[in-house]
Amino acid sequence: MIADVIVDINHSNVDKVFEYLNPDNIPVGSRIYVPFGRQFIEGYIVGQKQTPIYDISKLKPISRPLDEIPVISPEMLELMQFMTKKYNIKMVDALRLFIPAQMRGGRIKALKKNFVRIRDGLTESTVFDLINPRAKSQIELAEYLLSCEQDMESAYINTHFSPSALKSLEQKGIVEIISKEIKRTPYKGLEAENEVFSLKPEQLTAYQKIKNSQDRPFLLHGVTGSGKTEIYIRCINDCINQEKTAILLVPEISLTPQVFALFKSRFGTDVAILHSGLSIGERYDEWRRIIEGEASIVIGARSAIFAPLQNIGIIIIDEEHDPSYISESNPRYFTHEIAEFRRGYNKANMILGSATPSIESYYKAKNNELELIEMPNRINQRPLPRINIIDMTQEIRRGNNSFFSYELIDQMKKVVSEGDQIILFLNRRGYASYQMCRSCGYVVKCPDCDVSMVYHRDENILKCHYCSSRSHVLNLCPQCESEYIKQGAYGTQRVVEELKKIFPDVTILRMDNDTTRTKDAHLKILKDFSERKAQILIGTQMVTKGHDFSDVTLVGILDADLSLYFSDYHSCERTFQLITQVSGRAGRDEKEGLVVLQTYSPKHYVYKLAQNYNYLGFYEKEANIRKVTNYPPFSVIIRILACSESEENAIAVLKDIFDEIKPIAEQDKEDFLYMKAMKSPIKRIKKKYRVQILMRLSTIGVDKNLDDIYNVINKNNNKKDVLVYSELNPQDLS
Ligand code: ADP
Ligand code: ZN
Ligand code: ZN
């Protein structure tokens with residue numbers, strides 16, 4: 001057989017497939033050493049065939065496999081093909097996702113330790129026959145080892161017994177020293193209550209539905225605190241009982257030690273954890289525990305969807321609406337699509353869970369592509385907290401220029417005096433991006449796209465990221481002529497300083513990117529807050545997710561508009577999701593909760609609908625706008641980006657691409673809803689000029705034309721030193 005081999009996946013940006021002889025029939029998917037020029041390098045077998053393209057007499061044989069088992073399964077090789085076709089990425093890009101960086105090039109080694117044991121086949125009497133009765137320390141050690149039920153670490157023996165006795169026993173052939181691999185386990189000392197509830201009726205109905213059908217994936221729409229996690233646990237448990245495996249994906253920032261503790265307490269060492277907070281050694285070992293079949297449940301953030309599990313029984317994507325499920329840097333992919341591929345391959349079950357499903361997913365549920373399960377009530381029928389909307393333009397008129405409205409200050413004082421706790425949320429998305437009038441709430445929007453214009457400091461101009469329109473910066477409000485123009489956001493630290501002036505005696509915890517740099521900082525802040533070492537927790541998105549603090553009775557949303565006016569067609573959706581999430585932190589136990597939401601646009605429909613927890617109303621309104629403006633899920637946005645140090649060359653190559661796509665578009669006018677070439681909103685990044693084509697195609701149009709569009713791109717890529725990328729439904733259009 002002839003093997004197709006990809007080499008040097010760490011550095012290569014092109015798919016060079018080399019042919020090698022494979023006389024030992026090393027299986028496809030194996031990591032191998034191959035001769036390459038004068039040296040030997042690492043490669044992966046990605047395919048095989050009978051007859052080579054090149055002259056067989058010139059092919060060299062593979063040197064040897066590097067692992068005992070193939071590291072890429074047939075499923076993953078198929079997934080690689082799926083991804084290269086769908087996202088127009090390279091095979092090497094996909095492989096880099098599948099094989100942890102630590103493993104490639106053998107940069108991390110397995111951790112090995114020496115162990116001592118009595119040789120097999122020796123009985124107690126033969127052992128003592130071999131030892132001189134006067135050698136006390138040898139007898140002592142032999143007695144100890146005979147009493148042990150497992151092999152003992154050499155380091156332990158050497159510190160607790162005489163090292164020379166050990167040496168003598170080894171020389172006499174009584175004990176042997178063997179080297180064994182130790183797997184590094186993350187979060188060793190975690191503990192959680194192993195509480196097993198009987199399911200509430202709503203949970204039971206949902207669980208049985210999932211258990212008894214698997215023709216379609218499920219969309220589990222359950223309000224915050226409706227008990228979705230317990231359903232996940234039951235479903236995973238069923239899979240394990242059927243000797244199948246499971247993947248649970250959680251957004252990176254809600255992947256807290258509490259979540260691990262909960263699952264470890266239920267499933268023990270069956271659980272492997274994959275996320276960026278692990279040390280590289282831990283990651284490597286967790287990955288190998290999975291591929292070697294030691295762990296059958298994988299919990300992790302986005303990239304855990306590539307876990308090397310076999311025979312998957314269920315894939316769960318919790319908080320499925322979270323933007324972190326979209327990979328925005330090369331290789332770009334959408335986790336849901338990868339999950340859907342693996343579901344199909346493994347004939348597995350799948351649950352997308354959320355209190356606020358993405359418009360895309362709910363639309364699929366409406367079209368019967370997903371099976372919808374609703375859980376509209378919290379466990380124990382706790383009410384969702386009341387949301388008070390505060391008009392910040394009024395505050396300005398009343399002379400209050402601070403971060404906090406009078407209402408929020410009053411409520412905080414009340415909660416502090418009652419001894420309860422407060423969470424303050426400061427959104428950081430959209431930082432410094434838009435301009436707004438603080439007196440009347442006016443925001444500059446693109447007349448064609450209904451998204452906010454983005455402020456570009458370098459050119460001192462406002463731009464729409466979805467079309468090429470531009471606008472002057474605001475000095476005076478065109479609506480009310482006020483000079484109070486607000487530019488972007490303030491930081492958590494400044495808010496803390498102001499808060500300290502109002503509450504000098506109250507302990508305040510801050511949780512944001514600055515305070516959670518070290519590995520366990522996040523855990524410590526949450527622990528301190530749950531142990532009531534502080535009364536106020538203030539932070540960014542990190543405070544919105546999944547925490548269960550029973551004494552939190554007040555949630556303050558300091559500047560809700562920050563995500564609303566982000567220059568993205570998802571802005572309203574994200575805002576609705578964030579408000580619902582963070583509000584879900586209040587009043588989870590006996591005491592009733594209250595949310596104070598501060599905004600300059602109090603009449604915006606997002607706030608009205610969020611205030612009533614009216615997800616369905618929100619969905620309908622939002623879906624309607626997307627339909628009218630031709631945005632996803634009613635279309636697919638395609639961006640083609642050409643980058644080069646020479647602006648002239650970038651423009652020339654982009655123009656060639658545009659001219660070749662034009663006739664395709666003209667043949668299919670109905671499906672090409674929008675197409676335009678322009679400079680990118682940020683014209684130059686890292687010395688490279690950026691120009692782009694933005695298109696919107698109907699979903700049918702994408703199926704029909706994507707291959708042709710990719711062909712045009714690939715034909716023109718790398719010409720004149722211009723790199724060309726394509727993106728489907730990109731989130732960030734800068
Ligand atoms: P969600 O993920 O839907 O927001 P959780 O799964 O966090 O909700 O559940 C909310 C709370 O209810 C948790 O504290 C959980 O321990 C508790 N809970 C879940 N199911 C039950 C049950 N059947 N009986 C009692 N308590 C439950
Ligand atoms: Zn104004
Ligand atoms: Zn526009």
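Please read all numbers here as calculations on a predicted model, not as lab measurements. First listed ligand is number 1; within each ligand, the first listed atom is number 1.
- Only backbone heavy atoms of Val223 (N, CA, C or O) come within less than 4.0 Å of ligand 1; its side chain stays farther off.
- No donor-acceptor distance shorter than 3.5 angstrom exists from the side chain of Glu622 to the backbone of Glu573, with no hydrogens or angles considered.
- Near Thr224, the atoms of ligand 1 lying under 4.0 angstrom from a non-hydrogen atom of the residue are 4 (O).
- By the criterion of a heavy-atom distance under 4.0 Å, neither the backbone nor the side chain of Met375 is placed next to ligand 1.
- Put simply, no part of Gly584 is less than 4.0 Å from ligand 1, judged by heavy atoms.
- Using a 30° and 60° split on the angle between ring planes, Tyr615 and Phe618 fall in the tilted class, from 30° to 60°.
- Listed by number with element, the atoms of ligand 1 under 4.0 Å from a non-hydrogen atom of Ser198 are 22 (C), 23 (N).
- Contact annotation: for Ala355 versus ligand 1, there are no heavy atoms closer than 4.0 Å.
- A heavy-atom distance below 4.5 Å is not found between the side chains of Met412 and Val596.
- For an aromatic pair to be called close, the ring centres must be under 6.0 Å apart, and His275 with Phe260 satisfies this.
- Aromatic pair Tyr333/Phe306: centroids less than 6.0 angstrom apart.
- In this structure, Ile231 falls outside the shell of residues with a heavy atom less than 4.0 angstrom from ligand 1.
- Environment of OH in Tyr484: sparse, with no more than 12 heavy atoms of neighbouring residues, nucleotides or ligands closer than 6.0 Å.
- Of the candidates Ser550, Gly227, Gly222, the one placing a heavy atom closest to atom 8 (O) of ligand 1 is Gly227.
- Comment: Lys228 does not engage Glu319 in a salt bridge, judged by the lack of any side-chain N to carboxylate O separation of less than 4.0 angstrom.
- Draw a line from the Zn ion (ligand 2) to SG of Cys477 and another to SG of Cys437, and the angle between them is 110° (to 10°).
- Ile390 CD1 to Leu558 CG: the interatomic distance, rounded to the nearest 0.5 Å, is 12.0 Å.
- Within the structure, ligand 1 has Gly225 among the residues with a heavy atom less than 4.0 angstrom away.
- Looking at Thr229 against ligand 1, both its backbone and its side chain come within 4.0 Å, counting heavy atoms.
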